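Note sheet for the following structure.
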Amino acid sequence: MKALHPARVGRAVRLQLAGIGLAARLFIRLLALIGPSLRRFGLVRDQIHFLGNYSLAIIGVSGLFVGFVLGLQGYYTLQRYGATEALGLLVALSLVRELGPVVSALLFAGRAGTSLTAEIGLMKAGEQLSAMEMMAVDPVKRVLAPRFWAGVITLPLLAAVFSAVGVIGGWVVGVLMIGVDSGAFWSQMQGGVDVWADVGNGVIKSVVFGFTVTFVALLQGFMAQPTPEGVSRATTRTVVVASLAVLGLDFVLTAMMFSI
């Protein structure tokens, strides 16, 4: 086995540190641009429509089928203990605490995140970002910041839609198909789901995931090599990095929320 040369190791470490520094500087700058972005809300609104409206179909259909599966699996599990009337509570807690924010973030990374990366990467490959800089237009302020804040706003809304449609799917399977009492389904859900401890934690998760997925997508596009192969690799990295980041952050946030 060929030994690694110290110079190569040092160069690899230096490149990684430089990449981390660039990412940190870009993230801080995007956070600082919240004021200018909201003052020109038309740009953010257009990106909310692009990211959110075009993702509604996959979010809604996925939420419905996840609700179907939760209704079936939850019923057969609760039936062993004679607690089928708690099916509504099981479906609601599973969705608002975990599945709503997490699955929505994964779907958002696959649909909207890849679109953002490809768009920014193609703009870089076509030298549109360089042309903006030559015209004294800041591409981070004009291009990246509206997309960043649009993603942060959009993902919690999509997660809420996912959870709501999933609850309806669980109701369809549990009440209409299996025959669970409708009053017990809704009353157990209403009495067992806490607005702050359950719904609030889910909202916090979806906001954190919105920051994470959108930033990863924009960063990969902004740092992509200006070639077709470079844009393709950056798009693939967006899905991989964003998905792993969402799953890792979900564990950390869950541990923090339910241990305090």
Side-chain angles (χ1 to χ4, degrees), residues 23-24 26-38 40-60 62-63 66 95-120 140-141 143-166 196 198-222 234-235 237-257:
L26 180 61
F27 183 72
I28 293 173
R29 190 159 181 220
L30 289 172
L31 292 180
L33 287 173
I34 180 174
S37 298
L38 295 181
R40 302 183 65 181
F41 193 72
L43 299 175
V44 180
R45 180 199 60 213
D46 294 341
Q47 294 303 318
I48 290 175
H49 177 269
F50 174 72
L51 298 175
N53 195 46
Y54 295 153
S55 300
L56 273 177
I58 187 172
I59 291 292
S62 300
V66 168
L95 286 168
V96 299
R97 281 185 176 183
E98 290 295 330
L99 294 179
V102 173
V103 179
S104 298
L106 295 177
L107 294 173
F108 187 80
R111 190 266 166 225
T114 53
S115 177
L116 285 174
T117 301
E119 185 179 12
I120 301 301
V140 175
K141 183 177 180 180
V143 178
L144 268 66
R147 288 164 172 79
F148 176 74
W149 289 107
V152 172
I153 295 171
T154 300
L155 186 52
L157 299 177
L158 292 176
V161 171
F162 185 97
S163 298
V165 175
W196 299 110
D198 299 318
V199 179
N201 287 341
V203 172
I204 292 173
K205 283 186 178 181
S206 61
V207 171
V208 173
F209 296 159
F211 276 97
T212 303
V213 174
T214 311
F215 176 70
V216 168
L218 294 176
L219 177 66
Q220 295 299 330
F222 194 65
T235 304
R237 284 197 303 270
T238 293
V239 178
V240 174
V241 175
S243 299
L244 293 177
V246 166
L247 295 174
L249 284 172
D250 178 57
F251 171 75
V252 173
L253 290 173
T254 302
M256 293 175 59
M257 290 173 178

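Note that the coordinates shown come from a computational prediction; the quantities given were computed from them, not determined experimentally.
When all heavy atoms of Pro146 and Lys141 are compared, the closest pair comes out as CD-O, 3.4 Å. Residues Arg147 and Thr214 approach most closely at O-CG2, 3.5 Å, considering heavy atoms. The shortest heavy-atom contact between Ser55 and Leu158 is CB-CD1, 4.0 Å. Among all heavy-atom pairs drawn from Ser37 and Ala145, the shortest one is OG-CB, 3.3 Å. The minimum heavy-atom distance linking Gly100 with Ala159 is given by the pair O-CB, 3.9 Å. Considering every non-hydrogen atom in both Phe50 and Ser115, the closest pair reads CZ-OG, 3.0 Å.
Met256 CE to Leu249 CG: the interatomic distance, rounded to the nearest 0.5 Å, is 10.5 Å. Taken to the nearest 0.5 Å, the CG atom of Leu31 stands 5.5 Å off from the CH2 atom of Trp149. We find the CG-OG1 distance between Leu219 and Thr238 to be 8.5 Å, quoted to the nearest 0.5 Å. Taken from CG in Leu116 to CZ in Phe148, the straight-line distance is 11.5 Å, to the nearest 0.5 Å. Here CG of Leu56 is found 11.5 Å from CG of Leu51. Values are rounded to the nearest 0.5 Å. The CG atom of Leu247 sits 8.0 Å away from the CZ atom of Phe209 when rounded to the nearest 0.5 Å.
Taking the side chain as every heavy atom from C-beta outward, Met257 and Ile204 approach each other to under 4.5 Å. No side-chain heavy atom of Ile59 sits under 4.5 Å from any side-chain heavy atom of Phe108.
Side-chain atoms of Ser243 do not come within 3.5 Å of backbone N or O of Val240 as any donor-acceptor pair. Checked by atom type and distance alone, the side chain of Lys205 pairs as donor or acceptor with a backbone atom of Arg97 at under 3.5 Å. Side chain of Thr254 to backbone of Phe251: no donor-acceptor contact under 3.5 angstrom is found.
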* To do: Please assess Ile48 against Leu157 for the test side-chain contact (heavy atoms from CB on, under 4.5 Å), listing each intermediate value before the final yes or no.
  => CA-CA 10 Å; Ile48 290 175; Leu157 299 177; 5.6 Å; no
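Under the 3.5 Å distance criterion, with hydrogens and angles disregarded, no donor-acceptor pair is assigned to the side chains of Thr154 and Gln47.
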